[in-house]
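In what follows, chains carry the letters A, B, and so on, assigned in the order in which the sequence lines appear, proteins first and then strands, with residues in each chain numbered from 1.
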2 protein chains.
Amino acid sequence: MGKKMSIKEIAKLSGVSVSTVSRVINDNGRFSEDTRQRVLKTIKKYNYQTNTLAKGLRMRRSNTIGIIVPDLSNTFFSSLVEKMENQFFSKNYSTIICDTGRNSDKEEAYIRMLEAKLTDGLIVISGKKTFDTNILSRPMPVVCIDRKPKGKKTLFVSSNHYQGAVIATTELLKAGTQPTLFKVSRNSSSILDRIRGFKDTMKKMGAELHNSSIISLSSDYRAGSDDRRLEIRNKLRKLINADKLPLGIFATSDTLAADIMIAARDLHLSIPGDLKIIGFDDAPISRYCYPQLTTIRQDISQIASQASQHLINAINNTDDDAEDSEDTIIDVQLVERSTV
Amino acid sequence: MGKKMSIKEIAKLSGVSVSTVSRVINDNGRFSEDTRQRVLKTIKKYNYQTNTLAKGLRMRRSNTIGIIVPDLSNTFFSSLVEKMENQFFSKNYSTIICDTGRNSDKEEAYIRMLEAKLTDGLIVISGKKTFDTNILSRPMPVVCIDRKPKGKKTLFVSSNHYQGAVIATTELLKAGTQPTLFKVSRNSSSILDRIRGFKDTMKKMGAELHNSSIISLSSDYRAGSDDRRLEIRNKLRKLINADKLPLGIFATSDTLAADIMIAARDLHLSIPGDLKIIGFDDAPISRYCYPQLTTIRQDISQIASQASQHLINAINNTDDDAEDSEDTIIDVQLVERSTV
DNA sequence: GTGAAAGCGCTAACAT
DNA sequence: ATGTTAGCGCTTTCAC
């Protein structure tokens, strides 16, 4: 309510010097219990708050973390971000969330902004390319999620996408189908891993891996749009003509799986009778599909806590000796529901 | 890559004084075209970036906006936030997004943090209670979305929830049903508006408004959970016994509507034959329901741009004369799909 | 145990 | 048109 108090006024009001006030606020250095009480009382009384800008300027750090995310409207990303932001908050960091809309120029601009704010560290999620620390004008700890980093001082946390694809493909094969992988043409490193897992498993299990075993959908269409579904229907029709039923599909995301299921319904394909399908993520949508979608669960909480913990550690390891730049790979898990 | 440059070093390197450098950076004050060129060149050459902490300290403002949001994993909120963040970024503001998880203590803590960062303004989205500017220790412009504000200097932007409820209820009535409203027990001011719209329409159209015309679901269960769906099935069964088919349901969100549709399927209720239903939001899920959900669309882009624009205006109106604290109410719209 | 003072990087009078 | 300087609020030597 009153005007903004500064440490100087608190000092005067408590009859001590600014340095002493600073010491008690940060519980750093020596002071008598008596002074402590007095200072704390004035602080409370006048509702004093530290000016973090001044503090940051002085300390050359801002207790702020930047998160670069491709697309907040994707539930996978938004819950990831939500969880990390929570972690950071509880550790007394604030978080600046930067939604790049998958646009590299914007990404660069954001990075400049974050640097100018003396951000202490960076979380970089997915995106098309690998992340190259060279675009940083000052070294700062960064942890990449689902996105291969390049350069020093960069940690990597990711689900085991390869393993997920292996599990899904094996499952589809066991169910007696000749699996096809559906993806959207945009290629992140996690998708690439899933494709590798798919191919390797196909080969290893002696399944035929032909030209149209991997179907790539236009990234111009949005999930859930009529265009997207139309395109899927067309691909599905071709598949029906070429393969024998039941079809087996590994979709690289649950949203995509959901669109495929709707297209399949339009084509009067029964699930899992005529078409067996497995998604990826265990997104909320998988429980709203009919029948409910069998999928590969990513452990979002785990990813979030590993990533934030690693970043905080890296920030506090002032010395860059601690080169525990081991990648952190997190297990995924098959969630059996009703589409296989 | 080199070390961090300061304005002082740029000054020396370009053979001018710091103030001149500051002037050309901010294009403020006079300087010769020649100096401008020289300074800009050194800035580029050494990859200088303004230290925004120092600037903020000096200017008593940080070019930062805080957004308080109840729950980022709700797509309505996340796309709202995504859109606003975009707007702010393009106007050169950074955004600190604070996910309170609907917890008031956390909300307060966030507000303290934002104040300490000398945030220039606040966007406050929804939440249980009205937002009282008295919890701010220093006056700052805030715009509330979907949440009734209390106190000075507070703008209000919201969809016309009342109108939406009127449209939905009327539609259900026209379809020959005796409408029931389903909600989750948590009460935000927007939900309250929808309830008013529902009740008023029922009365006005001479429909019977009895005790169980409004069904409130436990907020302990998460959307999509088995518990939630079980509870819905029970309520639905009662409804079937009491009313004659077809049932008419106005659900206060699309997610809720989707859960209701799944519960209805378990009960072998056909849609829209036995049950007609209208949701609210036009969330992505409405296009993944079967049949696709008829709903009331909120114009998220409009809300986002109005809110961010108003906030920026308020920030720049240093004088608090501009009391255009008119509420901004945004029209909603019926999206007819296949559930009525 | 406490205070005085320097300085983080910047802007904005106030000079010239 | 440009330079000098005070000071934003804070932390941290260095004295005492």
Side-chain angles (χ1 to χ4, degrees), chain A residues 2-40 42-43 46-64 113 115-120 137-138 318, chain B residues 2-40 42-43 46-64 113 115-120 137-138 318:
Chain A
K3 65 170 293 260
K4 221 59 205 158
M5 281 283 150
S6 82
I7 214 176
K8 204 161 156 191
E9 324 192 50
I10 297 296
K12 191 172 302 172
L13 256 15
S14 353
V16 294
S17 74
V18 287
S19 30
T20 301
V21 175
S22 171
R23 281 192 272 259
V24 351
I25 288 178
N26 300 296
D27 194 12
N28 158 4
R30 288 169 359 187
F31 41 83
S32 73
E33 177 58 19
D34 183 58
T35 5
R36 205 183 70 94
Q37 298 289 352
R38 239 185 16 261
V39 170
L40 253 30
T42 4
I43 284 184
Y46 291 93
N47 196 13
Y48 164 82
Q49 284 172 222
T50 300
N51 178 327
T52 55
L53 258 37
K55 182 168 185 165
L57 174 59
R58 180 59 229 237
M59 313 251 299
R60 319 178 106 48
R61 75 197 302 265
S62 61
N63 262 256
T64 301
M113 180 188 259
E115 287 187 316
K117 281 197 181 304
L118 267 47
T119 309
D120 302 329
S137 59
R138 151 184 74 101
T318 81
Chain B
K3 65 170 295 261
K4 220 60 206 159
M5 282 284 150
S6 82
I7 214 175
K8 204 161 155 191
E9 325 193 50
I10 297 296
K12 190 172 304 170
L13 257 17
S14 348
V16 294
S17 74
V18 288
S19 38
T20 302
V21 176
S22 170
R23 281 191 273 258
V24 349
I25 288 178
N26 300 296
D27 194 11
N28 156 8
R30 287 170 0 188
F31 41 83
S32 73
E33 177 56 20
D34 183 56
T35 10
R36 205 182 70 95
Q37 299 288 351
R38 234 178 26 255
V39 170
L40 255 26
T42 3
I43 285 185
Y46 292 94
N47 196 14
Y48 164 83
Q49 285 172 220
T50 301
N51 179 327
T52 55
L53 260 36
K55 181 166 183 167
L57 174 60
R58 178 62 227 237
M59 313 252 299
R60 318 177 105 46
R61 76 198 299 268
S62 61
N63 261 257
T64 301
M113 178 188 258
E115 287 187 317
K117 282 197 181 300
L118 268 50
T119 309
D120 302 329
S137 59
R138 150 185 75 100
T318 82

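A salt bridge links R36(A) and E33(A); the closest N-O separation between the charged side-chain nitrogens and carboxylate oxygens is under 4.0 Å.
A distance of 3.0 Å separates NZ in K117(A) from OG1 in T64(B), rounded to the nearest 0.5 Å.
Pairing each heavy atom of S14(B) with each of T42(B), the nearest pair is OG-OG1, 3.0 Å.
Here the C1' atom of nucleotide dA15(D) and the CZ atom of R23(A) are 11 Å apart, to the nearest Å.
For S19(B), no side-chain nitrogen or oxygen approaches OP1 or OP2 of dT2(D) to under 4.0 Å.
Across all strands, V16(A) comes closer than 4.0 Å only to sugar-phosphate atoms, never to a base (heavy-atom distances). Across all strands shown, S32(A) has heavy atoms under 4.0 Å from sugar-phosphate atoms exclusively, and none from any base.
Here chain A contacts DNA chain C (any atom closer than 4.0 Å to a heavy atom, that is under 4.0 Å), and the contacts span dG1(C) to dG9(C) from 5' to 3'.
No donor-acceptor pair under 3.5 Å is formed between the side chain of Q37(B) and the backbone N or O of D34(B). For Q49(A) (side chain) and E115(B) (main-chain N/O), no donor-acceptor pair under 3.5 Å exists by modelled atom type.
When only modelled atom types and interatomic distance are considered, S17(B) and T20(B) share a side-chain donor-acceptor pair under 3.5 Å.
When side chains are defined from C-beta on, T50(A) counts as touching I25(A), because their heavy atoms get closer than 4.5 Å. Residues K55(A) and N26(A) meet the side-chain proximity criterion, which asks for heavy atoms closer than 4.5 Å.
Nearest-nucleotide mapping onto DNA chain C: of T35(A) and V18(A), the residue sitting toward the 5' end is T35(A).
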Protein and nucleotides 7-10 of chain D: nitrogen or oxygen contacts under 3.5 angstrom:
| from | atom 1 | to | atom 2 | distance (Å) |
| --- | --- | --- | --- | --- |
| dG7(D) | N2 | R58(B) | NH1 | 3.0 |
| dC8(D) | O3' | R60(B) | NH1 | 3.2 |
| dC8(D) | O3' | R60(B) | NH2 | 3.3 |
| dG9(D) | OP1 | R60(B) | NH2 | 2.7 |
| dG9(D) | N2 | A54(A) | O | 3.4 |
| dC10(D) | OP1 | Y48(A) | OH | 2.3 |
| dC10(D) | OP1 | N51(A) | N | 3.1 |
| dC10(D) | OP2 | I7(A) | N | 2.4 |

